[in-house]
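Written out below as C-alpha cells is the structure these notes cover.
Every chain is numbered from 1, with letters handed out A, B, ... down the list of sequences.
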Protein chains: 2
Amino acid sequence: MTEATPGRRGGRQLPTADELRIWRDFIETTAALGSRLESRLQGDSSLSSGDYSVLLALSEAEGEAMRSSELASHIGWERSRLSHHLGRMERRGLIRRQECATVPRGAEVLLTTAGAEAFRGATYPHLRAIRELFVDALTPDQIVAAGEIAAALRAQLDALRTQ
Amino acid sequence: MTEATPGRRGGRQLPTADELRIWRDFIETTAALGSRLESRLQGDSSLSSGDYSVLLALSEAEGEAMRSSELASHIGWERSRLSHHLGRMERRGLIRRQECATVPRGAEVLLTTAGAEAFRGATYPHLRAIRELFVDALTPDQIVAAGEIAAALRAQLDALRTQ
DNA sequence: TTAGCATCATTGACACGTCAACCGGTAGGT
DNA sequence: ACCTACCGGTTGACGTGTCAATGATGCTAA
C-alpha cells in the first residue's frame with residue numbers, strides 16, 4: 001500500500017485504484033448497512049430511523065417534550081426537515097405540537113402515549129439488530145478501529161466545513 | 001467468537017454503551033460523508049451520485065449503451081429505482097432509451113453526447129473530493145482497516161441476507 | 001415611532017427510494 | 001391450443017430530504 005513515487009499523500013493527486021476500490025466498498029457497504037438497519041426497524045416496529053431519533057430524543061427530554069428548534073439541533077437536523085417529519089409523525093399520532101408557553105413563536109413537541117409505546121417496543125429489536133449487523137460482524141479491534149476512523153473522517157468533514 | 005463471561009460476543013446480549021457510542025459515531029459520520037460527497041458533486045457538476053453511477057457504467061460499456069436490466073444489476077439497483085431515475089435523466093437529456101433490437105421487450109439505454117460531456121466534467125472534481133474527504137483524512141493503515149471493516153460488514157450483511 | 005433585521009417555524013416544489021401493482025410477451029406443461 | 005408462470009420494464013402512491021420562499025414575532029437603531 002505504500003509507494004515511493006511522487007505525489008503520495010500530498011493531497012494533490014487523485015486516489016489510486018486501490019484507494020478507490022476501498023472507498024467504494026466502504027461507502028456502499030455502510031450505506032447498505034444503514035438501509036438494512038432501517039428496514040429491520042421498519043419491520044419490527046413500523047418506525048423509520050428518523051422516527052426513532054425523534055422519539056429517542058423526546059423520551060430522554062425533560063417532561064418528554066422539547067422545543068422544535070432545540071430538538072432539531074439536538075439530533076442534527078435542519079428545521080425544515082424536522083418540520084416535515086413532525087407533520088408526518090403527528091398524523092400518525094406519535095407526537096403532538098402546541099404553542100410554547102415560555103418562548104414566543106416557539107413550538108413545543110410532546111411525546112404522546114402512543115409514541116412512547118412505539119418507542120419502547122422498538123428499542124430492544126433495534127439494539128439487537130445493531131449488535132447482529134455491526135458489533136457481531138467485527139472483532140473488538142475492528143470496533144475500536146471503526147471508532148477511530150469515524151473520528152478522523154468527522155474531523156476532516158469539520159475541517160473542510162465550508163466545502 | 002466464543003465467550004468466557006456471560007453474554008460477551010455471543011450474539012445474545014445488547015451492545016454495551018461503548019459499542020453503541022461507536023456505532024452512532026460510525027453510522028452518522030459515514031452518512032454525513034456520503035451527503036457531503038453528494039453535495040460536492042452537485043455543486044461541481046449538477047449531477048447526483050445516482051446520475052454519476054449510471055453515467056460511469058454507461059461510459060465503460062460497449063458502445064456506451066446497456067440493457068436496462070443489465071445496468072440495474074451492474075450498479076446494484078432495483079429495476080424500479082433505475083426506471084424512475086432514467087426517466088429523470090432522460091428529461092434532462094443525459095441519456096435516452098430505445099427498443100432493444102436483440103432482446104424482445106428489452107430497453108436499451110444510450111449515453112447522449114450531453115451525458116458523456118457531463119460525466120467527463122464531473123469525474124475529476126469527484127475523485128478529488130474523494131481524496132480530500134476520505135483518503136487524506138485517514139492514515140494508510142486506517143485505509144486498509146476501513147477496507148477490512150467494510151468487507152467484514154458486507155460478509156455479515158450477506159450472511160443474514162434474509163433479514 | 002418605525003424601518004429594518006434576525007429568529008422560529010412552516011410551506012411548496014422538486015428529487016429520490018421503496019413497495020406493490022401492472023402490462024406485454026415468451027416459454028412450458030397439459 | 002390454452003392456461004399458467006415468469007420476465008423485463010413501467011407506473012402510482014407514498015415517505016423522505018433539500019432548497020428557497022413565506023409568515024409571524026420580537027429586537028434594535030435611525
Side-chain angles (χ1 to χ4, degrees), chain A residues 28 31-32 34-43 45-54 65-110 163, chain B residues 28 31-32 34-43 45-54 65-110 163:
Chain A
E28 279 164 20
S35 328
R36 183 75 135 264
L37 252 291
E38 178 88 31
S39 83
R40 283 278 293 253
L41 188 57
Q42 187 70 235
S45 66
S46 293
L47 295 178
S48 69
S49 60
D51 299 333
Y52 190 83
S53 300
V54 169
M66 232 170 160
R67 275 216 2 271
S68 177
S69 202
E70 195 188 343
L71 177 55
S73 73
H74 186 63
I75 59 183
W77 286 12
E78 294 179 19
R79 278 207 312 278
S80 154
R81 175 182 178 184
L82 181 60
S83 187
H84 282 298
H85 205 97
L86 290 180
R88 292 186 294 260
M89 291 181 73
E90 196 165 34
R91 279 207 304 274
R92 291 190 289 149
L94 297 170
I95 55 108
R96 58 198 178 79
R97 286 182 279 196
Q98 66 181 26
E99 291 275 324
C100 176
T102 72
V103 176
R105 204 59 250 138
E108 188 102 16
V109 184
L110 308 177
Q163 228 45 212
Chain B
E28 279 165 20
S35 328
R36 183 74 134 264
L37 252 291
E38 177 89 31
S39 85
R40 284 276 294 255
L41 187 58
Q42 187 69 236
S45 65
S46 293
L47 294 178
S48 69
S49 59
D51 299 335
Y52 190 83
S53 299
V54 169
M66 232 169 161
R67 276 221 356 274
S68 179
S69 201
E70 197 188 342
L71 176 55
S73 73
H74 187 62
I75 60 182
W77 287 11
E78 293 178 18
R79 282 204 314 278
S80 153
R81 175 181 178 184
L82 181 60
S83 187
H84 283 299
H85 204 97
L86 291 180
R88 292 186 293 261
M89 291 181 75
E90 195 165 35
R91 280 207 303 275
R92 292 189 290 149
L94 297 172
I95 55 107
R96 59 199 179 78
R97 284 182 281 195
Q98 66 181 26
E99 290 276 323
C100 176
T102 73
V103 177
R105 202 63 252 136
E108 188 103 18
V109 184
L110 307 177
Q163 225 51 210

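- Rounded to an integer number of Å, the gap from B/L37 CG to D/dT18 C1' is 17 Å.
- Going from atom CH2 of A/W77 over to atom P of C/dT10 covers 14 Å, rounded to whole Å.
- At whole-Å resolution of the value, CZ in B/R79 and C1' in D/dC7 are 7 Å apart.
- For B/S69, there are no side chain to side chain donor-acceptor pair (under 3.5 Å) partners, not counting sequence neighbours.
- Residues from residues 84-93 of chain A that place a heavy atom under 4.0 Å from any atom of DNA chain D, listed by number: A/H84, A/H85, A/R88, A/R91.
- For A/H74, the ring pair (Phe, Tyr, Trp, His ring centres under 6.0 Å) test picks out no residue, with sequence neighbours left out.
- The distance between atom CD of A/E78 and atom P of D/dT16, rounded to the nearest whole Å, is 16 Å.
- Whole-Å rounding puts the A/Q98 CD to C/dA9 C1' distance at 15 Å.
- Side-chain nitrogen and oxygen atoms of B/R97 include at least one within less than 4.0 Å of the OP1 or OP2 phosphate oxygen of D/dT10.
- Per the geometry, CD belonging to A/E38 stands 14 Å off P belonging to C/dG17, to the nearest Å.
- Put simply, CG on B/L82 is 13 Å from P on D/dT11, counting in whole angstrom units.
- The stretch residues 66-76 of chain B touches DNA chain D through B/R67, B/S68, B/S69, each having a heavy atom within less than 4.0 Å of the strand.
- In terms of the side chain to side chain donor-acceptor pair (under 3.5 Å) criterion, A/Q42 has no residue partners (sequence neighbours excluded).
- For A/E28, there are no side chain to side chain donor-acceptor pair (under 3.5 Å) partners two or more places apart in sequence or in a different chain.
- Annotation: side chain to side chain donor-acceptor pair (under 3.5 Å) contacts of B/R81 (sequence neighbours excluded): none.
- Residues that satisfy the side-chain contact (heavy atoms from CB on, under 4.5 Å) test with A/S68, not counting sequence neighbours, are A/L82, A/L86, A/A107, A/V109.
- The CD-P distance, from A/Q42 to C/dA20, rounds to 11 Å in whole Å.
- Residues B/V54 and B/L94 have side chains not in contact (no heavy-atom distance under 4.5 Å, counting atoms from C-beta outward).
- Among residues two or more places apart in sequence or in another chain, the ring pair (Phe, Tyr, Trp, His ring centres under 6.0 Å) test is passed with B/H85 by B/W77.
- Residues B/S83 and B/R97 meet the side-chain proximity criterion, which asks for heavy atoms closer than 4.5 Å.
- When each of C/dC19, D/dC19, C/dT10 is scored by its nearest atom to the side-chain atoms of A/S80, the top-ranked nucleotide is D/dC19.
- Two residues, A/E108 and B/S48, neighbour DNA chain C, and the one matched to the more 5' nucleotide by heavy-atom proximity is A/E108.
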